[in-house]
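Residue numbers start from 1 in every chain, and the chains themselves are labelled A, B, ... in the order their sequence lines are given, proteins ahead of strands.
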Amino acid sequence: MSIYDTLNKEQKEAVVHTEGPLLLLAGAGSGKTRVLTHRIAYLIEEMGVNPWNIMAITFTNKAAQEMRERVDNIVGFGADQVWVSTFHSSCVRILRRHIDKLGYDTNFTIYDTDDQKTIMKDICKRLMIDTKQLKERSILTAISGAKNELVSPLDYELSSMGDFQKRKIAGVYKEYQATLKKNNALDFDDLIMLTVELLKSNPEIRGSYQERFRYIMVDEYQDTNTAQFELIRLLADKYRNLCVVGDDDQSIYKFRGANIRNILDFEKVYPEAKVIKLEQNYRSTGNILDAANRVIAHNVGRKEKALWTQKEKGSRVHLRQFENAFEEADYISADIRSKVREGKCEYGDCAILYRTNAQSRMLEERFVIDGIPYQVIGGTNFYARQEIKDILAYLKTIDNGRDDVAVKRILNVPKRGIGAATIDKVQEYARERDISFFDALKEADRITSLGRTAAKLEPFVTMILAFRAKAEFYGIEDMIKDVVEIIGYEEYLKGLNEEEDKTEDRLANIGELYSKASAYEQTHDEISLSEFLEEIALVADVDNMENSDNRIRLMTFHSAKGLEFPHVYMSGMEDGLFPGYMSITCGDPTEMEEERRLAYVGITRAMEDLTLTYAKARMLRGETQYNPVSRFVREIPAELMDNTLPKSRSFEPESMGLPFDFRPKATLKPKVTAQPVKPFIAQGISSLNRVAGISKGFDMESDTILEYGEGDRVRHIKYGEGTVLAISREPKDYKVTVMFDNAGQKIMYASFAKLKRV
DNA sequence: GTGCCTGCTCACGGG
DNA sequence: GAGCAGGCAC
């Protein structure tokens, strides 16, 4: 029996249809990843295709990793030669080799949303744009939109004739792009757009990649934007062996440029395309699948399909109403606990989904109090945290002095008495001479306007140059530790006078960064600072989700796409929250359809058990709102649910006489505030519980044993010798108080203080 | 140049 | 409710 015998008829058909374009419409849970991996195996083993000639593109690193593993498992020899990668990292790989053709340096840096905003502020100031009228954010959205549609600054300008607002944006776009280039930096959208530009303008390079990628597969095709589509089209143009897999019903990324037409019109672009539908769902029980089908049926303009399952009906969809979000969280926590107690499931089998990241907080607080292990996916990306960005800015400066944003970020962090005025003067000098900000700093003594302040800049420059010299022979983890040590970053953080919890969090994050660096070093044969920084820039939140540990997952509906869980809770099912207020009021029916697809994604994550919860009253942006139950809940037929909806629209705002509960806020949340939750919250909501902070080699589970005790003499790399006064066990680390002979008393964390007993 | 206070705006999703 | 720009005192 071959591995292909486990596939159903349609799956098999898709696997063996290797030549020419193929559109695989794969409904939720229909085994598309299996088809893709088996197809790769088939190409290599049955068709004799060189693995080198196969490319598989996904959206997240996690998906790429999973695909890689599964291919490795079923393909014997050569699987590692298959190019399995995300859109963004594929482009980075191509650009690192050829971007010099476009006038950039091959060691370019990648700007995240924060960096973009910094640059944009600067440009608006320079171009005297009134940001009250035209917000930075909306300019960036416009630029991103243009790039996703492959519209260059020049094209944008040409199309803006007669539109005052648009012309303004065109000017900013031009300047923005020039600034990025000057800084040798690319934003996320550039990665795709510039790769397309490169392939279009260089027939030779295009030809070589076309020749290499003879078989191309694209996952989550419904989420591609115009630029990504064009990229794929260019690469596949010669052999046209392009297999795209997607589900138009799961297209939920319009806001970042996804063009649903890419999948709906695939057959127009490739008239010879074969279309195969995968409609058998292997994931969910009957009632859940029915509910999903009934909800999505309210959308028009979709490719008709009907998911079916051989599984039994299973339990009905649970529907629960609550007075407010506290009770909602209460219930979810209690429900999961009782299921676990009864042996129906484990924590790791449960996921709680919500529309907005802010909703996680109440759930987190509940879990902390109840002592339940959980993990939040998403929210603020680990690498976007202030302390991490500070340290990374040092690394970027060491690696690529042309990144002005990074240099300016750290010039006065920790405080060196260098302020905005100085930065402006140096910037002006740099602009006059068309040199980088860092190069201008090097010549600080020649910037006459600076006067005495020039002397403050010199030690900074010297320090960076010294780091650069060390970078030659330092590992990455060592480099980071050295930077943190030399700039006195821990002391700086502690001196910020933030809440203690926050400081601890930040310190723990720094520790986590050490672990990430160390992990990078262990998984790569050749280590380079540039590559480390690049990998970091492309990390998404879901990438860090570990499947193995037994914790409840909390995430947005968006993050949940592609995942599955035996027990799923969809919380906050209220009109105004989900579907969001914007999609209800804006009057664009396609917005509502996108929300509905999101609901469909949510429902189809559930394997055996789905619970929908909603609250009559909910605090939103500091204001209590009374929203009706979500229309998506109403779209599920009553017989599929275990509870009936309220018949009247009794708690919709307009029909409400006196709201049922006008107790003051404080009494609305007695359970949480009345308990001594502080110490729990301190550790529970710390970033260590968030996905980015999954600690490896930095947690107490491994039970580090300190080589010193109270009263012992120890040595610290910077403070010299001292006596240990006290050691206290913290959730994440030991806190050690030491009286140093020369430096006085210090409180430090054992894992980074690296004290040695003497 | 720094730190603190205030008042304002912005509130969806993410590589 | 939170984060940030701007104003003010030191």
Side-chain angles (χ1 to χ4, degrees), chain A residues 57-64 85-92 110-114 116-118 121 124-125 131-132 135-138 141 144 147-148 186-192 220 223-225 227-228 251-258 353-362 377-381 383-384 386 411-424 452-453 456 495-498 534-543 555-561 572 576-584 586 591 594-595 597-598 601-602 619-625 665:
Chain A
I57 300 233
T58 62
F59 269 82
T60 64
N61 293 304
K62 187 179 162 64
S85 173
T86 65
F87 269 104
H88 288 101
S89 39
S90 295
C91 288
V92 171
I110 299 165
Y111 277 174
D112 68 10
T113 323
D114 257 27
Q116 289 178 287
K117 225 174 157 187
T118 309
K121 267 183 206 156
C124 286
K125 219 190 284 168
T131 51
K132 287 230 163 57
K135 305 206 170 26
E136 285 106 342
R137 212 186 115 117
S138 46
T141 307
S144 173
K147 288 182 175 182
N148 288 333
L186 274 65
D187 64 23
F188 283 118
D189 303 313
D190 280 340
L191 294 177
I192 316 284
E220 306 283 9
D223 290 328
T224 52
N225 59 38
Q228 287 160 333
S251 165
I252 53 172
Y253 282 107
K254 188 172 156 222
F255 74 93
R256 66 173 199 218
L353 312 182
Y354 36 76
R355 181 63 176 85
T356 65
N357 278 308
Q359 287 167 257
S360 75
R361 222 174 104 170
M362 202 137 297
I377 318 283
T380 322
N381 187 312
Y383 296 107
Q386 184 193 307
L411 186 55
N412 197 32
V413 173
K415 302 260 177 299
R416 299 188 177 94
I418 303 164
T422 309
I423 290 183
D424 283 349
R452 288 174 185 281
T453 6
K456 287 183 183 166
L496 282 181
N497 274 332
E498 291 180 313
E534 161 193 319
E535 280 196 13
I536 277 177
L538 299 177
V539 166
D541 291 312
V542 263
D543 295 340
M555 69 189 91
T556 61
F557 292 112
H558 282 91
S559 296
K561 200 181 65 168
L577 190 59
F578 185 38
Y581 173 76
M582 288 295 278
S583 60
I584 297 173
C586 76
E591 293 285 326
E594 174 126 334
E595 293 282 301
R597 289 193 291 270
L598 196 52
V601 166
M619 283 274 268
L620 281 172
R621 308 160 215 139
E623 175 183 10
T624 306
Q625 294 199 359
K665 277 181 200 168

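Nucleic acid contact for A/Asp189: base, since at least one base atom lies under 4.0 Å from a heavy atom of the residue. Within 4.0 Å of A/Thr422, counting heavy atoms only, lie sugar-phosphate atoms of the nucleic acid but no base atom. Using a 4.0 Å heavy-atom cutoff across all strands shown, A/Ile418 reaches sugar-phosphate atoms only and no base atom. Residue contacts shown for A/Ser559 are limited to sugar-phosphate atoms, with no base heavy atom under 4.0 Å away. Looking at heavy-atom distances under 4.0 Å, A/Tyr253 makes contact with sugar-phosphate atoms alone, never a base. Among the protein residues, A/Gly580 comes within range of no part of the nucleic acid, since none of its heavy atoms lies under 4.0 Å from any strand. Looking at heavy-atom distances under 4.0 Å, A/Ala421 makes contact with sugar-phosphate atoms alone, never a base.
A distance of about 22 Å separates the C1' atoms of C/dC4 and B/dG13, rounded to the whole Å.
Checking side-chain atoms of A/Glu594 against main-chain N and O of A/Lys254 turns up a donor-acceptor pair under 3.5 Å. At least one donor-acceptor pair under 3.5 Å links the side chain of A/Asn381 to the backbone N or O of A/Val539. A/Asn357 places no side-chain N or O within 3.5 Å of a backbone atom of A/Gly378 that could act as its donor or acceptor partner. Remark: side-chain polar atoms of A/Asn148 are paired, donor with acceptor, to backbone N or O of A/Arg256 under 3.5 angstrom.
Here B/dT2 is the nucleotide among B/dG1, B/dG14, B/dT2 with the atom lying nearest to any side-chain atom of A/Lys415. For A/Asn357, whose side chain is taken as the heavy atoms from C-beta onward, the closest listed nucleotide among B/dG15, B/dA11, B/dG14 is B/dG14.
Of the side-chain N and O atoms in A/Thr86, none sit less than 4.0 angstrom from OP1 or OP2 of B/dG15. In this structure, A/Arg137 reaches the B/dA11 phosphate: one of its side-chain N or O atoms is under 4.0 Å from OP1 or OP2.
The aromatic ring of A/Phe255 is stacked on the base of B/dG13, with the two ring centres less than 5.5 Å apart and the planes inclined by under 30°.
Between A/Asp190 and A/Lys147 the shortest heavy-atom distance is OD1-NZ, 2.8 Å. Considering all non-hydrogen atoms of both residues, A/Thr356 and A/Thr556 come closest at C-CG2, 4.3 Å.
Toward the 5' end of DNA chain B, the nearer of the two residues A/Gly419 and A/Leu538, judged by each one's closest nucleotide, is A/Gly419. Of the residues near DNA chain B, A/Lys456 and A/Glu591, the one whose nearest nucleotide (by heavy atom distance) lies more toward the 5' end is A/Lys456.
One interatomic measurement links the two molecules: CD of A/Glu136 to P of B/dT9, which rounds to 14 Å at whole-angstrom precision.
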- Begin with the C-alpha distance, continue with both residues' side-chain angles, and end with the deciding distance and a verdict on ring-ring contact (aromatic ring centres under 6.0 Å, His included) for A/Tyr253 and A/Phe59. CA-CA 11 Å; A/Tyr253 282 107; A/Phe59 269 82; 7.5 Å; no

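Side-chain to base pairing of A/Asn381 with B/dG15: no donor and acceptor N or O lie closer than 3.5 Å to each other.
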Close N/O contacts between protein and nucleotides 2-6 of chain C (under 3.5 Å):
| unit_1 | atom_1 | unit_2 | atom_2 | d |
| --- | --- | --- | --- | --- |
| C/dA2 | OP1 | A/Arg361 | NH1 | 3.0 |
| C/dA5 | OP1 | A/Lys121 | NZ | 2.5 |

